[in-house]
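The structure's right below; bear with me while I get my questions together.
Side chains included, hydrogens not; waters and symmetry mates left out as well; all remaining heavy atoms used.
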Amino acid sequence: MTRLPARLALAAAPGLVLCSCRGVQTMLDPAGDQARDIDVVWRAMLIVCGGMYLLVLGFLAWALWRARRPAPVGAPAIGHTPAERTLERSLSAWVALIVAGLVTLVTISFLVDRSLAEVGPQPLRVKVTAHQWWWQVDYDGSPQSQIVSTANELHLPLNRPAVVELQAHDVIHSFWAPNLAGKVDLIPGRTNYVAITPRRLGGFRGQCAEFCGLEHAKMAFDVTVESPEAFEAWRRSQLAEAQVPTNAQQVHGQQLFQTKACVMCHRIQGAEAGGSTGPDLTHLMSRRHIAAGALRNSRGDLAAWIADPQGVKPGTTMPRVPLTSDELNDVVAYLEMLK
Amino acid sequence: MTGVAEARALTALDVDGEQALARTWATPRGLWGFLTTVDAKEIGKRYVVTGLAFLALGGVLALVMRTQLARPESGLISPDRYNQIFSMHGTTMMFLFAVPIMEAMGLYLTPLMVGSRTMAFPRLNAFSYWIYLAGGVMLYVAYLLNIAPEAGWTAYVPLSGPEYSAGKRTDIWAQMVTFTEVAGLAAAVSMATTILKMRAPGMSLARLPLFMWSMLTTSFMVMLAMPAVMLATSFLISDRLIGTHFYNEAEGGSNLLYQHLFWFFGHPEVYIIFLPGLGMVSEITATFCRRSVFGYPVMVLSLLSTGFLAFGLWVHHMFATGLPHLGDSFYTAASMTIALPAGVQIFCWIATLWDGKPRFATPLLFVVGFVITFVAGGLSGVMLASVPLDLQVHDTYFVVAHFHYVLIGGAVFPLLGGIYYWFPKVTGRMPDEVAGKWSFWLIFLGFHLTFFPMHILGLRGMPRRVYTYGADMGWADLNLLSTLGAYLLASGLLVYLLNLVVAARRGWPAGPNPWNAGGLEWATSSPPPPHNFGATPVVEGREPLWLPGEFPVMHGLDVEHREVLLTTIADGKPDIREGSPGPSIWPLLSALAVSLLFIGSIFDEWFLVWAAIPVMLCLIGWFWPKSSHSKLVKAPDDKIPGALA
Amino acid sequence: MSVGWKRRRRAALMAALACVAPAACNRENRNMNAPVPETAPKGVQVSDLHPGPSAAWPSDPRGREYEGNATHIANGQRYYKWFNCSGCHFNGGGGIGPALMDDKWRYGGRIEQIYATIAQGRPNGMPSFADKIPEQQIWEIAAYVRSLSGNADKLAAPSRADEMSSIPPISNIDKAPPKGDPDVSKAGGG
């Protein structure tokens with residue numbers, strides 16, 4: 001698919017109605033190859049469909065305008081009016097026009113669809129497993145000690161093709177980062193793939209796009225596109241074990257984490273916490289949001305989340321663990337050093 | 001109306017004949033008559049009223065949702081309640097309002113439009129209504145008992161499966177679908193038979209009104225599509241009730257099987273809703289433009305090809321599921337192809353407007369509104385048909401905007417126009433034209449204000465089925481606008497309904513043909529007598545009331561017994577004189593027995609066995625042989641003046 | 001007239017269904033954000049041997065509530081998997097640990113006793129989950145375990161999980177009310 005001439009040709013497409021096209025979760029601001037290809041289809045659609053709509057409205061307006069002429073007397077007509085032949089010929093022209101328009105759109109759509117399936121050489125492999133209602137993200141690595149596990153956040157190196165392998169743990173979800181690519185469903189029992197080649201630095205947001213239960217509305221993830229060097233640095237830091245607590249409050253916080261319910265679900269590499277049903281918290285503080293985009297990653301939000309997860313995301317699978325306020329402070333102090 | 005040639009009218013029988021006929025076909029008075037009537041007009045009227053009641057309930061649910069979404073993190077409704085509300089809204093609108101009300105319009109109008117005394121299977125129609133009512137009541141009682149469905153009107157597995165949807169909520173939903181399918185199938189069978197076999201003499205297929213063509217196509221679509229969803233939901237109930245593995249991937253079942261089965265029904269479903277609306281548009285346009293719709297053969301072919309193509313599109317609901325792309329491309333092409341017959345029909349209607357002498361009464365305003373709205377929705381559908389673009393806008397508010405444009409624009413606007421148009425025929429009174437025009441403008445503007453911003457919201461990343469959204473997403477303004485539009489739309493619908501309710505009591509009396517239309521239904525009085533037509537009209541062409549000369553009629557059907565005339569399928573030549581059943585309690589009793597079976601089997605599978613016994617007994621009562629009146633028409637009877645064209 | 005009749009009929013239907021309502025209410029309740037955190041059952045006895053009259057100790061009303069609520073049992077099913085109960089008890093048939101689907105309960109088969117077993121741990125291998133699983137979740141797991149022996153509300157229990165099937169559908173499991181463990185009751189008198 002030759003992108004450049006097509007894009008030049010369609011560059012003049014009306015984006016008029018769509019003010020404020022910029023955004024971190026919008027398909028109107030493509031930042032990756034796949035999203036740009038889809039944008040070509042979108043602009044072609046706007047031109048062809050918009051044009052057809054204007055034609056229909058124009059014909060309708062003409063008909064309504066003509067209605068103002070004085071109505072001649074006589075019985076209602078059953079076909080065979082003087083204009084019948086003209087109308088028949090116009091109908092043939094209309095059919096031809098529709099066919100031409102549809103053929104154009106089908107062709108563009110087919111060609112772009114094929115380009116979406118292309119994956120570049122040596123792609124970065126990421127595996128995303130969707131849970132109710134958070135995203136488990138694992139970066140391929142070999143040997144196994146090189147696998148990076150994180151949650152609700154993807155980092156991608158600029159200009160390098162990536163393939164995201166999509167699996168679901170419970171129900172059907174959908175992985176959708178509109179600035180980068182179209183959505184693909186994550187279906188339990190099946191593995192799907194989406195190719196993403198990011199072309200612009202920055203932070204983007206994605207959201208689950210298949211109704212998956214109570215907190216479908218609050219199941220988002222962050223995508224950070226950074227330079228390859230920054231990506232490698234991030235990956236290396238993610239592979240490191242968790243920081244060791246230094247002061248008494250953090251030590252107490254770690255003790256609480258390990259003896260209370262936290263350790264049943266969460267994992268912190270390097271501490272005695274190996275739960276696998278909830279997100280990996282080893283580098284919790286390196287993330288922009290917590291609770292799958294529901295809260296920012298700040299001390300207050302973190303404390304609020306731990307104190308009452310059901311208040312933030314009613315129905316979420318994280319229970320309210322009874323902690324006194326001192327215990328809560330200590331746990332938060334411990335978590336805050338997991339950079 | 002001065003200076004315009006009046007449509008011709010049907011000569012009535014002599015007074016004694018009319019009175020005898022009226023007695024023969026009358027519904028008994030009182031509660032017993034209410035419960036046992038098989039008059040298609042009575043059943044059609046109550047079906048429409050019940051459908052409109054469900055429209056109101058579904059609309060209130062929508063207003064609650066819009067109020068919740070007007071502000072970010074509004075906190076008005078809990079996520080659990082919101083999920084139930086949007087599931088109820090979709091289920092109500094699709095299963096309890098849209099399909100039933102279109103079938104209801106067909107039930108009332110079909111005998112009148114084809115010139116018959118009643119429908120083909122009168123007791124089956126009555127049964128259809130009672131089953132539909134039972135399903136709807138069950139769903140709303142469930143809502144009051146906190147057992148409303150919560151997985152959307154589509155209820156995908158595994159979310160709606162035994163592990164992730166606790167309790168009986170999804171079972172209630174699945175069984176309600178069964179209720180409405182049975183009701184739909186019953187009505188469709190009756191309608192198709194009536195349209196094919198019970199037309200007036202001389203009404204060949206080439207002279208069939210376009211609304212009848214649309215109902216015929218719809219009926220066949222119902223018969224082919226409904227079994228698929230029955231299968232989908234039955235498998236789901238079975239998985240949930242007795243632990244079968246139809247949808248359990250770990251045991252060899254398949255999650256996608258549900259989607260395929262559901263959408264094999266689900267896509268034709270929307271055309272089942274949409275095609276009758278197209279028929280109504282044709283009827284209204286012809287009358288108010290004072291010319292028959294341009295391009296009759298092309299219109300018929302468009303209806304038939306739409307009905308056929310609709311079965312080949314369903315995978316476009318599954319483009320994001322990871323099916324092989326080459327297959328997806330086929331469905332892209334098919335989904336775009338279906339725009340062709342729709343486009344042709346739009347041309348024909350506008351051509352009729354252009355070439356005719358339009359009179360802008362409220363029904364024609366709704367037609368114009370339909371063209372403006374439905375074409376926009378159809379074009380956003382063409383956008384959705386493309387796999388790459390769909391992968392961006394699927395499951396966002398863009399899709400919500402699209403389907404409301406095509407369903408409200410393409411089906412509800414014609415329906416509102418049609419109800420207004422046929423209101424004088426049904427009630428014998430004229431609705432108020434000023435209120436009608438006000439209601440149109442409120443509805444039209446309210447609709448666009450509500451749903452146009454949703455296109456933009458979808459493009460800007462707002463997924464659907466979300467109970468709230470963050471304040472920093474930038475979606476708040478458009479959501480607020482949309483909510484205001486929703487209230488405007490609701491007010492318009494309120495004005496529309498009030499207009500009809502008031503006019504039913506105090507409107508100007510309407511004669512048989514207040515709009516000077518050409519169809520057979522306008523040949524009889526308003527409201528029609530129980531027997532529809534005194535003498536059987538003989539049809540010499542399309543728009544029979546616009547033809548010059550005396551209206552030919554045929555006499556000879558029995559007035560002391562209920563008797564209908566069956567004609568041949570293609571040419572409408574008289575064929576058989578057949579008896580028609582009178583009022584009967586068996587449809588109601590059978591509906592109660594079947595309801596017991598359906599509702600009981602939500603809770604215990606043994607109901608399928610034991611509750612089948614009352615059903616069997618009711619069916620025995622229903623089909624107990626009675627003496628019949630069928631006679632072949634004798635040879636001399638089949639000469640009809642002015643046959644064939 | 002017909003409108004009034006319809007209204008009367010609807011009202012009658014409501015009244016009839018109001019009798020069913022309380023049962024439906026509990027089964028379908030989804031109370032996600034209780035104002036006060038759940039607590040453990042009090043005064044649970046894990047043995048049938050006790051001095052004084054042989055009347056059974058009073059049951060905690062929350063037990064019936066949890067056993068009759070579909071969401072709680074479904075959550076219990078999920079936690080049974082997550083917290084690796086199946087590691088020892090397999091899918092209910094027992095293996096390393098005793099079976100949970102039969103009527104033999106060494107330390108009692110009532111929901112409060114199962115709660116106590118999960119929270120306190122038991123000799124010979126049952127860990128203590130007291131501080132590790134919040135109270136409400138232990139109740140939910142106990143309710144699910146009760147459903148495995150057919151002792152929970154059949155209408156509330158999910159028929160199966162979305163995984164390989166190794167037990168009959170829970171809605172088909174015959175009710176097996178708990179009896180004491182015969183080996184234990186024979187030893188040490190009574």
* Could you check which of Thr332(B), Leu340(B), Thr287(B), Asp390(B) has the highest count of heavy-atom pairs closer than 4.5 Å to chain A? =>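 Max contact count across the listed options: Leu340(B).
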* chain B contacts, top residue of Asp170(A), Val48(A), Ile187(A), Val194(A) (heavy-atom pairs, under 4.5 Å) ->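 Heavy-atom pairs under 4.5 Å are most numerous for Asp170(A).
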* **Heavy-atom side-chain proximity of Arg190(A) to Leu256(B) below 4.5 angstrom** =>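 Yes. Closest side-chain heavy atoms under 4.5 Å.
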* To do: Mind ranking Ser160(B), Ala376(B), Gly152(B) by heavy-atom pairs under 4.5 Å with chain A and telling me who comes out on top?
  =>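 Heavy-atom pair counts peak at Ala376(B).
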* To do: Count the heavy atoms of every other residue, nucleotide or ligand shown that sit under 6.0 Å from CZ of Arg288(A), and state whether that count exceeds 12.
  =>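 Yes, the 6.0 Å shell around CZ holds more than 12 heavy atoms from other groups.
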* **Greatest number of heavy atom pairs closer than 4.5 Å to chain B - which of Glu88(A), Lys313(A), Glu84(A)** =>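 Winner by heavy-atom pair count: Glu84(A).
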* Pair Glu210(A) + Arg464(B), salt bridge at N-O below 4.0 Å ->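 No, this pair does not count.
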* Asked: Step by step, would you call Thr396(B) with Lys183(A) a side-chain contact (heavy atoms from CB on, under 4.5 Å)?
  -> CA-CA 11 Å; Thr396(B) 66; Lys183(A) 63 179 63 70; 4.1 Å; yes
* For the student: nearest non-hydrogen atoms of Tyr164(B) and His169(A), plus distance ->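 Between these two residues, the closest heavy atoms are OH-O, 4.1 Å.
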* Asked: With respect to chain A, which residue among His455(B), His394(B), Glu543(B), Glu150(B) yields the maximal number of heavy-atom pairs within a distance under 4.5 Å?
  ->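 If we count pairs closer than 4.5 Å to chain A, His394(B) comes out on top.
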* Within the distance-only criterion (no hydrogens, no angle test), does the side chain of Asn255(B) pair as donor or acceptor with the backbone N or O of Pro188(A) below 3.5 angstrom? ->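 Such a contact is found between Asn255(B) side chain and Pro188(A) backbone.
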* **Heavy-atom pairs under 4.5 Å with chain B, option from Arg68(A), Glu215(A), Arg66(A) with the top count** =>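 The residue among Arg68(A), Glu215(A), Arg66(A) with the greatest pair count is Arg66(A).
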* Can you say whether the rings of Phe347(B) and Phe59(A) are parallel (under 30°), tilted (30 to 60°) or perpendicular (over 60°)? ->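 Tilted: the ring planes of Phe347(B) and Phe59(A) meet at 30° to 60°.
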* Using non-hydrogen atoms only, which part of Ala181(A) is less than 4.5 Å away from chain B: side chain, backbone, both, or neither? ->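 Just the backbone, heavy atoms under 4.5 Å.
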* Asked: At what distance, to the nearest 0.5 angstrom, does CG of Leu60(A) lie from CD1 of Ile350(B)?
  ->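 Rounded to the nearest 0.5 Å, the CG-CD1 separation comes to 5.0 Å.
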* **Closest non-hydrogen atom pair between Gln132(A) and Leu159(B), with its separation** =>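 Residues Gln132(A) and Leu159(B), closest heavy atoms: NE2-CD1, 3.9 Å.
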* Does the side chain of Trp62(A) come within less than 4.5 Å of Trp354(B)'s, by heavy atoms? ->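 When only atoms from C-beta onward are counted, Trp62(A) and Trp354(B) do touch, with a gap below 4.5 Å.
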* Do we see a donor-acceptor contact under 3.5 Å between the side chains of Thr321(B) and Asp185(A)? ->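 No, because no side-chain N or O of Thr321(B) sits under 3.5 Å from a partner of the opposite role on Asp185(A).
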* Side chains of Met27(A) and Leu389(B) in contact at under 4.5 Å (non-hydrogen atoms) ->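 Yes, their side chains come closer than 4.5 Å.
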* Asked: What part of Tyr82(B) is in contact with chain A, defined as an atom under 4.5 angstrom from a non-hydrogen atom: side chain, backbone, both or neither?
  ->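 When you check distances to chain A, no heavy atom of Tyr82(B) falls under 4.5 Å.
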* To do: Please name the pair of heavy atoms, one in Ile78(A) and one in Arg542(B), separated by the smallest distance, quoted to 0.1 Å.
  =>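 That would be CD1-O, 3.5 Å.
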* Based on non-hydrogen pairs under 4.5 Å, which of Ser109(A), Ser90(A), Ala67(A) is most in contact with chain B? ->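 Heavy-atom pair counts peak at Ser109(A).
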* **Flag side-chain contact, heavy atom, 4.5 Å: Leu105(A) against Met336(B)** =>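 Heavy-atom side-chain distance check passes, below 4.5 Å.
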* Asked: Which atom pair, heavy atoms only, marks the closest approach of Leu379(B) to Tyr53(A)?
  ->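 Nearest heavy atoms, Leu379(B) then Tyr53(A): CD1-CB, 3.5 Å.
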* Would you find more than 12 non-hydrogen atoms of other residues, nucleotides or ligands less than 6.0 Å from Leu97(A) atom CG? ->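 More than 12 within 6.0 Å, yes.
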* To do: Evaluate the criterion side-chain contact (heavy atoms from CB on, under 4.5 Å) for residue pair Leu391(B) and Leu116(A); output intermediate values, then yes/no.
  => CA-CA 11 Å; Leu391(B) 290 179; Leu116(A) 286 182; 4.2 Å; yes
* In terms of heavy-atom proximity below 4.5 Å to chain A, should Phe330(B) be classed as side chain, backbone, both, or neither? ->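 Neither; nothing under 4.5 Å.
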* Point-to-point distance, once rounded to the nearest 0.5 Å, from CG of Asp395(B) to CZ of Phe211(A) ->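 So the gap between those two atoms works out to 10.5 Å.
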* Can you tell if the side chain of Val368(B) reaches within under 4.5 Å of the side chain of Leu64(A), non-hydrogen atoms only? ->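 Answer yes - side chains close enough.
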* Is Asp113(A) close to Ser329(B) at the side-chain level, that is, under 4.5 Å between some pair of heavy atoms? ->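 Ser329(B) vs Asp113(A): side chains touch.
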* Asked: Taking all non-hydrogen atoms of both residues, which atom of Ala217(A) and which atom of Thr468(B) are closest, and how far apart?
  ->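 The answer is CB-O, 3.7 Å.
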* Distance (rounded to the nearest 0.5 Å) between Met462(B) CE and Gln207(A) CD ->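 The distance works out to 8.5 Å.
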* Asked: Once you round to the nearest 0.5 Å, how far does CD1 of Ile98(A) lie from OG1 of Thr337(B)?
  ->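 Spacing of CD1 (Ile98(A)) from OG1 (Thr337(B)) equals 11.5 Å.
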* Which one, Val106(A), Ile38(A), Val56(A), leads in non-hydrogen pairs under 4.5 Å with chain B? ->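 Ranked by contacts with chain B, first place is Ile38(A).
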* Residue part contacting chain A, namely of Gln259(B), when any heavy atom lies under 4.5 Å ->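 Answer is side chain: those atoms of Gln259(B) sit under 4.5 Å from chain A.
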* Is there side-chain contact between Gln392(B) and Trp42(A), with at least one heavy-atom pair below 4.5 Å? ->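 Side chain of Gln392(B) against side chain of Trp42(A), heavy atoms only: no contact under 4.5 Å found.
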* Heavy-atom closest pair, residues Ala63(A) and Leu353(B) ->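 Shortest heavy-atom contact: CB-CB, 4.0 Å.
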* Could you go through the side-chain contact (heavy atoms from CB on, under 4.5 Å) check for Trp475(B) and Gln25(A) one step at a time? => CA-CA 11 Å; Trp475(B) 298 329; Gln25(A) 186 177 320; 3.9 Å; yes
* Asked: Arg205(A) versus chain B, heavy atoms under 4.5 Å apart: side chain, backbone, both or neither?
  ->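 Contact with chain B: side chain only.
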* To do: For chain B, find which of Val184(A), Thr191(A), Leu186(A), Thr81(A) contributes the most heavy-atom pairs closer than 4.5 angstrom.
  =>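 With the most close heavy-atom pairs to chain B, the winner is Thr81(A).
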* To do: Tell me, for Leu57(A) versus chain B, whether the close heavy atoms (under 4.5 Å) come from the side chain, the backbone, both or neither.
  =>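 Side chain of Leu57(A) only, per the 4.5 Å heavy-atom cut-off to chain B.
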* Does a side-chain heavy-atom distance below 4.5 Å link Leu91(A) with Val298(B)? ->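 A side-chain contact exists here, since the closest heavy-atom pair is under 4.5 Å.
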* So what's closer than 4.5 Å to chain A heavy atoms on Met473(B): side chain, backbone, both or neither? ->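 Contact with chain A: side chain only.
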